[in-house]
Each structure stands twice: as structure tokens, then as C-alpha cells.
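Report on one structure; see the data block that follows.
All chains are named by letter (A, B, ...) in the order of the sequence lines, taking the proteins before the strands, and each is independently numbered beginning at 1.
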Number of protein chains: 2
Amino acid sequence: MIVLTAKGAATRERIVLGAAELIRGRGLSVGLDDIRGATSTSKSQLFHYFPDGKADLLLAVARHEAARVLGDQQPHLADLTTWEKWLAWRDRVIEIYDGQRAGCPLSALVSQLATPGAREIITELYEQWHRHLVTGIDALKANGATPAGLDENRAATTILTAVTGGANLLQATGDMTYLETALTDALESLRN
Amino acid sequence: MIVLTAKGAATRERIVLGAAELIRGRGLSVGLDDIRGATSTSKSQLFHYFPDGKADLLLAVARHEAARVLGDQQPHLADLTTWEKWLAWRDRVIEIYDGQRAGCPLSALVSQLATPGAREIITELYEQWHRHLVTGIDALKANGATPAGLDENRAATTILTAVTGGANLLQATGDMTYLETALTDALESLRN
DNA sequence: CCCTTCTTGGACTGACCGGTCCAATCCTAC
DNA sequence: GTAGGATTGGACCGGTCAGTCCAAGAAGGG
């Protein structure tokens, strides 16, 4: 990595943020010139801060967007200690995906980036997400109101799958029902 | 649509099959020249049988692949009349996705085709799939062994979401656990 | 004040790729 | 067998786009 001054770091960040927003809106089909235009930079800057070119830049965008996915769910995701808070989180998740019907920006990035680096970012995202859910289920368990013999790992996996599957189906069909129903049903297993 | 002789229809099908296989293996990044090479055709043939060019061809491939998705699940999907058959279907689904870790070819197509036509194919696929599941749940209901008050539409939605979410996570992370766990858990709601 | 390093501008290149075109060939109906 | 349409081959075009290059600003330490 090249040594960055404060100014350079700011430019780099401006590029990532601008590119992320552009990709969020138009998916693939964004070229370096689009990014250049949207961020008021020049070609040489793009390659100065991302020496490996577009793949490098997209990877940085993916990292940024992965952090956003979890960040958007806060503070709920970090505090799933009561059933009511689980419901609030569910509502927040539904709200997020309802708002960004265009689709999770990561899906476009992932399909475009077949590199191992991209997969690593995604895997890490899902593992963190899963860990948050497990932590929340454990908290619920400690509070006592969960069914006997509940496996927090299995339950977290099912819940996470419901979210991603629902988001997937929402993006493909434009229908929110899948996400709402599947997520609500998945949470039901925590209750009883 | 242009009038087709038997020969022409065969060529057209050869193109679709070849393109589908190519895309299944290499995702996006397949060009017309790749398809031309893989199917022993010429540029003019591609545009003869698909006058609107690549988009047209990809749409045909998407239709073909959508049919494949359901076809691969037969005969199980059309005969979900007992709990054992549901389990057999589940195993078949897991087997299918385990075998094609590269990912559902439709995901690549969908992200590349933002056209309304593509969305229609996908929506139709999921609606058919959902209908099959509802029919199966109704059969189970008729056989008596389902929990009281089971809503077959909700249950089918949850099951379908588990499958697509699991497939999604499998493709992104390479981990089968999500699909296995989420689908098994979703089916559990039919039982009791 | 100068020298070095970071930073920026933007013209240019070369490859790739979708799409066009025309001519050659095959097939079939009459 | 011949005319007309279907089918095929492949050269060619033009746009797009990632990536290169060089030279000209800031910035700041000595």
C-alpha cells in the first residue's frame, strides 16, 4: 500500500464512497469514467490509490458495503436481549430492505468479483452476522423464555438464511412477502 | 419470430444449450464469440436466431435454466404427498445445490439482465415453485399429520425462502450448512 | 528556497466485444 | 430443376472501457 497523507486518504475515501453510491444505484455497468465523474477525480488518481485497478477499487467498495450491511442494523443487532428487541430488529431489517429494493449492493459486487478476496469479505460478513445472532439467542436463553433444547447455532443459521433468502427474493420479484413471512416464521422458533 | 425449419430449430436449441452450459460454468464474462466457439456456429447465426442480439439470447437461456431448476427437482416436487416424500425432496434439493456449487446459473443471468422480461421469468419461476409447495402441503394436510392451523401459503413461502437463501449462502460462502439447516428447520413446521 | 514526494490532470492506447453486412450454400415446394 | 427462402461463414466496423504515461501542481522538511 502506498503511503498516504491526510489529503490522499481523504481522496481515497471520497472515491470509495462515491463508487459505492454509484454502484448501489446502477449496479454493474459502472465504469471507471463514471466513478471518475461522480467523485471529481482523474484516471491517474484512481490508479494511484488502487494500483490493481478496478478489481482493487471494487474490493474496497465491497469491504465498505459489507460494513454498511451490519451497521445499518445497529443498534438493534448488538442488543438482541429481549423478545421485543428481536421484533424491533426484525422490523428494522424489513425496513432496510424495503428501502433499498434495488438490491443489496453486495450481490452485484459478488457476482462481478469471482476473486477469492471477495468471497472472503462475504464469508466474514456472514460469520459476523451469525455471531451477533447467536449472542442474541444466548441472551434470550439466559432470560429464560426460549423453548427447551434450542440450538442457538442452528437457529441463527435459519434466521440468517431467512434474511438473505428473503432479500434475494425481494430483489428478484419485488415482493416483500417472502422476507416478512420467512423472517417472522424463523423468529418464531425462538419463542414458544 | 422468424420461421424455423427443423434444421433451424435444432441450431437454435444447440445455441441455447451450449450458451447455458457455458454460462453455468463461467458465469458472466461469456461473450458471443465464446458461445459461437462452443456451439460451432457463426456470428450471423446468433443474430439470425436471436434478432435482438445478446439480450435476446440470454433471455432464452434464462427461460431454459428456469425450467431446469424445477425439472431437476422432479419427480419429487410434483409428489409431495407424504412426510417421507418431503424428506426425499429435501435431500434432492440439497444434492442438486451441492452438485452445482458454482451457483444457480440464474443468479448470474438475473444480475446481468435488468430487463422486465428477465424479472418476469424469475417471478414466474418462483410462483410455480411456490404453487408446487402449496399443493404438497395441502396433500399433507389431507393426510392429517400437520399441525393445527397451518397456513399452507405462509409455510410454502418460508420453505422457498429457506431454499433460495440457503443456495445464496452456499454460493457466497461455499458452506452447505445454511441450506441444510434452514431447509430442515423450515420443513419442521409441517410436522409436529 | 529547493528538493523530494505525494498528488492531480487528462490525452492516449489497445483490447475486447456486440452488432452489421454481404455473399455463399442448403433445402424445399412447386 | 429452379426459384425463393432459410441457413451459414466470417470479415469488418465502431464504441466502450480498463489501463498507461508523462508532465504539471501542491506540500513540507531541511
What do you reckon, is CD of Gln74(A) surrounded by more than 12 foreign heavy atoms closer than 6.0 Å? yes
Strictly under 4.0 angstrom, non-hydrogen atoms only: write out the protein contact profile of nucleotides 17-25 of chain C, one letter per nucleotide from the 5' end, B, S or -. -BBBB----
Walk along nucleotides 24-30 of chain D from 5' to 3' and tag each nucleotide B, S or - by protein heavy-atom contact under 4.0 Å, base first, then sugar-phosphate. --SS---
Do the side chains of Asn168(B) and Leu179(B) get nearer than 4.5 Å, heavy atoms only? no
Throw together a table of side-chain donor-acceptor distances under 3.5 angstrom for residues 60-69 of chain B, partners on residues two or more places apart or in other chains.
unit_1   : atom_1 : unit_2   : atom_2 : d
Glu65(B) : OE1    : Arg24(B) : NE     : 3.1
Glu65(B) : OE2    : Arg24(B) : NH2    : 3.2

Holding to side chain to side chain donor-acceptor pair (under 3.5 Å), I want the full list of residues that pass it with [X], two or more places apart in sequence or in another chain.
{"X": "Glu188(B)", "answer": "Arg191(B)"}
{"X": "Ser189(A)", "answer": "none"}
{"X": "Thr41(B)", "answer": "Thr39(B)"}

Verify the contact: side-chain N or O of Thr5(B) to OP1 or OP2 of dT7(D), cut-off strictly under 4.0 Å; return yes or no. yes
Does a side-chain N or O of Tyr49(A) approach OP1 or OP2 of dC6(C) to a distance below 4.0 Å, or not? no
Rounded distance [0.5 Å steps], CD in Glu180(A) versus CG in Asp91(A): 9.5 Å
Value in whole Å for how far the [atom2] atom of [N] lies from [atom1] of [X]:
{"X": "Phe50(A)", "N": "dT7(C)", "atom1": "CZ", "atom2": "P", "result": "12 Å"}
{"X": "His48(A)", "N": "dG10(C)", "atom1": "NE2", "atom2": "P", "result": "17 Å"}
{"X": "Gln45(B)", "N": "dC26(C)", "atom1": "CD", "atom2": "P", "result": "13 Å"}
{"X": "Arg36(A)", "N": "dG10(C)", "atom1": "CZ", "atom2": "C1'", "result": "8 Å"}

Please check this pair: side chain of Asp56(A) against backbone of Gly53(A), looking for a donor-acceptor N/O pair closer than 3.5 Å. no
